[in-house]
Undergrad: 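Handing you this structure, nothing more for now.
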Amino acid sequence: MRIVTAEVLVTSPSRNFVTLRLTTDDGITGLGDATLNGRELAVASYLNEHVTPLLLDRDPHRIEDTWQFLYRSAYWRRGPVTMASIAAVDMALWDIKGKIAGLPVYQLLGGASRTGLRAYGHASGTDMPSLFDSIRHHLDAGYQSIRVQTAIPGIKAVYGVASQKQSSGQRYDYEPAGRGAFPQEEDWDTRAYLRHLPKVFDAVRNEFGPELPLLHDGHHRMTPIQAAKLGKALEPYDLYWLEDCTPAENQEALRLVRQHTTTPLAIGEVFNTVYDFQALIKEQLIDYVRAASTHFGGISPLKKIMDYAAQYQIKSGFHGPTDISPVGFAAQLHVGLAIHNYGIQEFMPQSQATNTVFEQNMSFVDGYLHPGDAPGIGVEYNDDAAKAHPYQRAYLPFNRLADGTVHDW
Ligand code: CS2
Ligand code: MG
């Protein structure tokens with residue numbers, strides 16, 4: 001069997017997506033997600049100019065060999081563009097292998113280790129009443145774990161608050177990346193955030209009780225000692241995790257955070273290779289691996305890092321916002337179903353337009369996800385629907401502090 005076509009498909013139903021479709025000489029197709037929010041065309045170009053020509057006439061069965069070939073022959077390794085490109089190829093080859101075997105990918109990864117994948121949803125509000133309404137909305141939708149993000153008094157726009165407007169006037173619901181020629185500038189004040197957040201979790205616990213698993217995303221904005229302080233201040237509220245408490249480049253930072261708090265830590269959505277987690281896992285500095293199939297090189301390395309993490313009782317908490325396409329999302333559900341050390345899966349539902357382009361088999365019932373049992377990854381691409389949504393440039397926002405300094409968004 002040989003790969004005879006490799007197509008890079010770009011569409012923009014509600015947001016931009018880049019998808020790789022490989023087809024074999026037997027007419028079997030495989031899909032892979034290569035979406036990198038705000039830099040989509042860079043990956044599409046890397047694939048079109050440098051990768052797809054290398055895939056033609058290759059044996060689609062040789063997934064590991066193809067992965068190593070694309071990673072090592074590039075000489076310039078790692079990084080978000082390279083690894084999103086390799087991820088798309090890896091996913092597409094697993095999709096083809098599943099279709100050839102007539103099995104869903106999780107069966108090829110060792111079979112199911114559970115009946116479903118506990119998910120968490122994004123609740124947010126500009127004030128307590130709207131936050132409580134958003135939490136109730138997610139509980140009514142079946143979620144049994146809730147991520148809490150709120151507006152901060154004195155700050156105009158904050159990550160993760162769905163109801164606030166983008167520069168386009170569109171609500172955040174589906175996407176933080178605003179369509180347009182320039183990134184939206186937002187403001188930030190960590191001291192205001194540190195004063196406000198414990199009050200929010202105190203109110204949420206009073207309203208919803210001690211059991212409900214609550215998560216929060218610090219979104220890379222604190223210094224190590226600020227993160228330590230917040231982790232400690234939130235201990236009475238028994239968070240499931242505090243995510244991305246400091247910028248991910250400085251991994252040493254987590255040693256200081258660990259010294260001061262037992263609030264569980266999750267990190268890794270911006271990581272691209274297993275090497276990014278090595279020290280964090282070996283030194284037990286995190287409790288959850290936040291990698292995503294699309295940005296981490298695909299299904300193969302995601303399975304490998306979870307097998308390594310298992311030795312340290314560290315669990316999965318795969319990244320699952322809407323800028324991971326339904327293909328990338330389904331791919332990591334297969335990994336999540338097969339591994340032993342599963343923790344939780346982020347789940348931001350996609351728009352109707354996106355679900356028309358990407359025909360899916362996954363299900364979400366009573367708070368649990370399942371990839372379905374269709375052969376392969378379980379997602380098909382509707383070309384006609386995709387053609388109706390041409391690419392539109394979009395940028396993630398950026399932050400400036402009160403004195404004008406650029407800060408982590
Ligand atoms: C966030 C993401 O869901 C999360 O945990 O960190 O929504 C992140 O902001 C986007 O993926 C950026 O594209
Ligand atoms: Mg995050």
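All ligand and atom numbering here is 1-based and tracks the order in the structure.
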Undergrad: Decide, yes or no, whether a salt bridge links Asp202 with Lys199 under the criterion of side-chain N to carboxylate O below 4.0 Å.
TA: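 Looking at Asp202 and Lys199, the cut-off is not met.
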
Undergrad: Tell me if the aromatic rings of Tyr381 and Phe358 count as close, with their centers under 6.0 Å from one another.
TA: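 For Tyr381 and Phe358, the ring centres are under 6.0 Å apart.
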
Undergrad: To the nearest 10°, how many degrees is the angle Glu269 OE1 to the Mg ion (ligand 2) to Glu243 OE2?
TA: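 Seen from the Mg ion (ligand 2), OE1 and OE2 are separated by roughly 90°.
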
Undergrad: Can we call the ring centroids of Phe208 and Phe132 under 6.0 Å apart?
TA: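 Yes, they do, as the ring centres are separated by less than 6.0 Å.
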
Undergrad: Kindly tell me which protein residues have any non-hydrogen atom under 4.0 angstrom away from an atom of ligand 1, grouped by chain and ordered by number?
TA: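 For ligand 1, the residues that come within the 4.0 Å heavy-atom cutoff are Asn37, His122, Arg147, Tyr159, Asp217, His219, Glu243, Glu269, Arg290, His319, Pro321, Asp323, Glu346, Leu396, Trp409.
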
Undergrad: Can the positive tip of Arg15 be found less than 6.0 Å from the middle of the six-membered ring of Phe17, inside 45° of the ring normal?
TA: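 Relative to the ring axis of Phe17, which defines the angle, Arg15 lies inside both limits.
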
Undergrad: Return the name of the atom in Asp217, of element N, O or S, nearest to the Mg ion (ligand 2).
TA: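 Going through the N, O and S atoms of Asp217 one by one, OD2 ends up nearest to the Mg ion (ligand 2).
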
Undergrad: Aromatic contact between Phe277 and Tyr312, with the criterion being ring centroids under 6.0 Å apart: yes or no?
TA: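 Not under 6.0 Å, so no.
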
Undergrad: May I ask you to say whether Lys304 pairs ionically with Glu64, meaning some side-chain N is under 4.0 Å from a carboxylate O?
TA: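 The answer is yes: the pair qualifies as a salt bridge.
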
Undergrad: By the salt bridge (charged side-chain N to carboxylate O under 4.0 Å, His left out) test, which pairs, at least two apart or in different chains, include something from residues 375-396?
TA: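 Those involving residues 375-396 are Arg21-Asp383, Lys99-Glu380.
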
